Structure formats: C-alpha cells, structure tokens
Amino acid sequence: MTHDIFSIQQALLNALRSAVSSYGQSDVPMTLESPKDKAHGDYATPLAMALAKKLKKPPLPIAREIAGKLDLDPALVGKAEAVAPGFINLRLTPAAFFSVLEGALAKGPRYGENAQLKETRLLLEFVSANPTGPLNVVNARAAVLGDAIARLIRASGGRVETEYYINDAGNQARLFGESLEAAISRVRGTPKDAPEGGYQGAYMDDLAHEFLTETEGEPKDYNLSTAKLGEWGMDRVVQWHKASLETYGVSFDQWFSERRELHDSGLVAQALQKLKDQGLTYEKDGATWIKTSEYGAHKDEVLVKSNGLPAYIVADIAYHLHKLGRGYTKVVNIMGPDHHGHILSMKAAHKALGFEEPLFEVLIAQHVSLLSGGQKVKMSKREGKFVTMEELLSQVGKDAARYFFVMRGANTHLDFDIEVAQKQTEENPVFYVQYAHARICSLLKKCAERGLHPAKLSGGFAPLTEPESFLLLKQIMEYPQWVVESAKSYEPHRMVVYLHNLAADFHLFYTKHRILDASPETARARLGLALAVQTVLQNAMGLLGVTAPEQM
RNA sequence: GCGCCUGUAGCUCAGUUGGAUAGAGCAACUGCCUUCUAAGCAGUGGGUCCCCGGUUCGACUCCGGGCAGGCGCACCA
C-alpha cells in the first residue's frame, strides 16, 4: 500500500481535527499549507491562531498543546512542532516520501490522475470563431487554453465535453455569400463590386478557386443562390478551421451549427416564445426588446429587429437554453476580448429565465500582441492582412506556441515575442523544461547500457538522503495536487509554473549529484528518482499538449 | 459617461483558500565543463507589491475610494 498526497493530507487533517475537537469549537478552518520556507517543514497549519481568538488565549501555548495531542502515524510524520507566532509545523518522514515515489513509479503515465473532480460534468465551449475568415492569434490562445483545461479536468476525474459554436447564420452569412459571389466573379475575370463591409483578402480568392474547381464539371448554368453559396463557403471555412486546429493538437467533441441546430430546428423561435410567455419582452420602435436591465445588465437588448429578423442574442439565448438543458454541472465559455461587453447581457438573460448564475461562467482570453524585433506586429483586419493562427504556428512551431499561450493567466494581455519563441536557446522557456526531460532520457539510456536499472520500490530509495533529493520528492508528491488546482481554477498556467519548478529542482540535483559514478545502490535509487521526474515531466507536458523530446 | 481586464525588480510575468524574510525568467556582472547533454548550475546587484483609507492576530491577496494603461459599449454577430 503506497501513499499519495491526498491520503497523506487526509491523515494529517484527521489528526488535527480530533486534536482540536476537545476545544468545542466547530468552525475552526482546517487548513493545511505548504510553507515556502522549507525550514518550516513540509506542512504547516495556522489553526491555533484562529483558535486563539475564540478562546481568548495566546496562540503559541494553544499550538503547543495541539501539537502535543496530535495522534500521528510515526511512519508518516517525523516531527510536529509549535512555533511563534502560533504555527504548527509538520515534517514528513523519508519513508512517507519513498512510499509516494513508489506509487508514482507504479502508476507511470497515469500518475497525477485523480478523482477529485469526479462530480464535475462540464461543457466547455471555446474558439467559436466566425466561419468567415481565418483563425487569428486570440483564437489560437483560446484553443490552447480550452484544450489544456479540458485535459486537466479529465485528469482530475471530471467529464468534459468540448464544443465549437459555428456562427453560420444571420447577417454575416448573407454578407459572406455576397462577398464570395464577388470573389468568384473577380477570379473569373468579370469583376463585380464587392458588398460594402464585405469580406476580402487572399483567402476569399482561395475559396473562389476551390468553388470553381469543384463545380468544373457542372452544367454551364450551374449556379447557387447567394444564400446557398454563403452556406457552401462557411462550411468550407469550418473545414479549414477544423484541419488547422487538428494540426495544433486541438479537437472538439461537438461542432454546433447555429443555422442547422438552432434556426432550422426551430429552437430560436421556441426561445423567443418562452421569453415572451414569461413577460420578459416588450415592443418599442417596431422592435422586440428583452428587459435585461432589470436583471443586472446596464441596458435592454433588441431581440427581434424592426425588419422582423431575430438579432444575434436570441440565437445565443436559444443556444444556452439548449446547453443548460443537457444536464451539465457547469457550462463554461471561453470568449475573446471583443465579446466581454455581452457577458452581462447573457447573464441577465439567464437570470431572467431562472438559471442560477454559478452554472454559467465566462473566461476571457485577453488580447495577444505579437512582438518582433521589440516592435508590435501590426495587424489590420481591414486590409485583410492579419497574422493568422496558421502563420504563427509555421513561424514558431506547435510546442512553443502552445507553451507561450498557456504560460500566462488567460485574462492578462499577452505579449508574444516571436523571436524568443523561435530561439533555440536558453532564452526560450520551453527548452528549459524540455531539456530537463532530454537529460533524463539520455541518462537512463546510458545507465541501461551499463546494466544499471532504476529502483522502483520503497526499500531501494534509502540512499536518497541529500536535500536536493527531497526537493524533488516533494515536487513529485505535490504533482497531483497541482493538476487538481489548475483544473479547478481553469488556470493551466499553474502547470507551467510547476513544470519550471520541477525542471529547476532536477537541474540542480543533476549538477550536484552524479549517478554513473555512485555506488550501485545509490545509483539505482537516484535513477528511480530521475525516472519519476521524467514521468511527471511527460505527464505534465502532456496535459499542456507540449511534446517531451528524448533528445535535443 | 457606463462596463470588463490589467497595474508586483530595468523588461515579461508568477505569487495556491488572507500566513512566517514578496519570487522566476530575460537583461547586467562574477565564477563552474579532461567526468552522466554548459539549451545547465552557483553567486552579485536590482522592490513605495500604482496611491489613500478600512476589515484583523496577520493584507500583494478581501472591502471602499481614487489614479494610470488596454478594450468594449449598433435594430453587427
């Protein structure tokens, strides 16, 4: 029977709980912290300080009293001491760490998986770019974020469905059809005026060429209505998106078409009727409005325009009604910065329809500025020249792109330095982590050639006595917890922080302690440790979708 | 004017539910390869955690009020 971080923490918390129970204070927070300063032990709790106030006694004596009462397994905890101003510090035994290490090696590629979020059933919608043009860099950022979040939650035992919403209806569909019509004429050599505010750029010509190639064998009078042409083009652009996301390592469980699944199916009409039935609408200036301002938004929104066509928000409401009706415990949406103004309206609409707000959450993937030569790369949508996701990927590669996009919190404005991401040097943070992995691979290979094999059982780890070994053991132990915390908070960038720390601890260990020259017992113990680090590096990079190269 | 995001070292950013002396990378400087990958390690310098109040044993963290930067505020989606 091996331990993991969860069972150890549970044991510590149980002991604390029963020691505190005699004070008759039920609402003392049972917190367990990992002190920054390792002189303070492996775990610490400030609960004596919370207790001090209730008991009106100084915290330190209380901490001493509790520390004396703790009924702890001596195989797990070596020392429990009370220190000023009132912390209780706990130090784990080497045997506890070795047990965790044995467990990690036994689980291998599955180490880090846990059941902490097993109640979660999440619908995660992200990217959802308009099918009217190429994916941009914010889409690329959202794609990596969403993909990593899904992987993290799955690793923590939750169920996640990823979904891509295709905005293929409404005004922009019509405009896209007209733009494509114009592009086809242009390609045929019979120029025609492009619609005002229409879509242009090289990709429209590409699309026109594709259309002509495919309809080559058709009768001369072959023609599609503008609407049908728009639908054809949008379907094609969606195929492009799907393919480029695929090469980026991002796939979706569902592709949800606004036109087919909301409009054609009648769900939009139903949603509108539902809003009307509940008295949430009114008529003004020939349009139908929804009273979102009464539910927390700062203004009302138009549901049906005076020309009789539904505004986008009706489809959005219909879509979310559909989502919320599918039985998820949580519906999360990653949106670009240009949509944040509508979050309040959507939340208000949900509230009006009686959905609890916590069920629906929006994460914003903030702006990305591309830097090149210290200067911001100009992106101009109007001129049809903006850096697309594909261009960026071809410049810096999948690993660097993914690592850079998850490196920071989603709602920080990200500066993406293309040159740094391209560099194959120490300036590039991806390589630091990958290098640690490659070093271990090389080490294991070399040892195997000499017949040295890693220890895999607790008994074999006794030669690990150096502080650097225990730094690594602690990191290995904490890994599953980092997975859970990153998953729970939807913050994959925490895994980047973890990876960096783990790699740093390994590099330190590696420069200080030799393996090939050590005695066979020590060498085998250190190899076991290195193997576990390799496993965790692989697993953690896997959750971010970054590859772990065997050599560099 | 209203709303959202951000403000931490020269630059880019971390900072777990409020905890003990605020961290990392880059940039600058100094050391370390006849030995498992120097894409590495060790060290030095560098801080008004935007400002002012409040909450408390304790605040970068929570609350209130400001200031600065970015973005959004269509019968577009």
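So that the names make sense, note that chain A is the first sequence line, chain B the second, and so on, each numbered from 1. These figures come from a predicted structure and were not determined experimentally.
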Tell me whether the OP1 or OP2 atom of [N] has a side-chain N or O from [X] closer than 4.0 Å.
X         : N       : answer
His493(A) : rG15(B) : yes
Lys36(A)  : rA22(B) : no
Tyr432(A) : rC41(B) : yes
Lys305(A) : rA77(B) : yes
Asn501(A) : rA24(B) : no
Lys446(A) : rU37(B) : yes

Without decimals, in angstroms, what is the distance between [X] [atom1] and [N] [atom2]?
X         : N       : atom1 : atom2 : result
His513(A) : rC32(B) : NE2   : P     : 21 Å
Leu499(A) : rA39(B) : CG    : P     : 20 Å
Tyr498(A) : rC13(B) : OH    : P     : 25 Å
Met49(A)  : rC57(B) : CE    : P     : 12 Å
Leu60(A)  : rA20(B) : CG    : C1'   : 13 Å
Gln534(A) : rU37(B) : CD    : C1'   : 15 Å

Answer with base, sugar-phosphate or nothing: what part of the nucleic acid does His413(A) contact at a heavy-atom distance below 4.0 Å?
base
Would Tyr435(A) count as stacked on rG40(B) if the rule is ring centres under 5.5 Å and plane angle under 30°?
no
Can you check whether His500(A) stacks with the rA24(B) base, using ring centres under 5.5 Å and planes within 30°?
no
Can you say whether the rings of Phe360(A) and His350(A) are parallel (under 30°), tilted (30 to 60°) or perpendicular (over 60°)?
perpendicular
In terms of side-chain geometry, is the basic nitrogen of Glu550(A) or Lys445(A) positioned less than 4.0 Å from the acidic oxygen of its partner?
no
Could you check which of rC76(B), rG40(B), rC13(B) has an atom nearest any side-chain atom of Asp415(A)?
rC13(B)
Taking the minimum atom-to-atom distance to the side chain of Arg408(A), which one of rC13(B), rA14(B), rC41(B) wins?
rC13(B)
Does the base of rA20(B) carry an N or O that pairs as donor and acceptor with the side chain of Asn89(A) under 3.5 Å?
yes
Paired with rC62(B) by Watson-Crick or G-U wobble geometry, both distances under 3.5 Å: which nucleotide is it?
rG54(B)
Watson-Crick/G-U partner (both atom distances under 3.5 Å) of rA42(B):
rU30(B)
Assess whether side chain to side chain contact (heavy atoms under 4.5 Å, CB included) is satisfied between Val302(A) and Ile290(A), documenting all intermediate values.
CA-CA 6 Å; Val302(A) 169; Ile290(A) 176 170; over 6 Å; no
Give a yes or no answer on whether the side chain of Gln434(A) reaches the backbone of Thr547(A) with a donor-acceptor pair at less than 3.5 Å.
yes
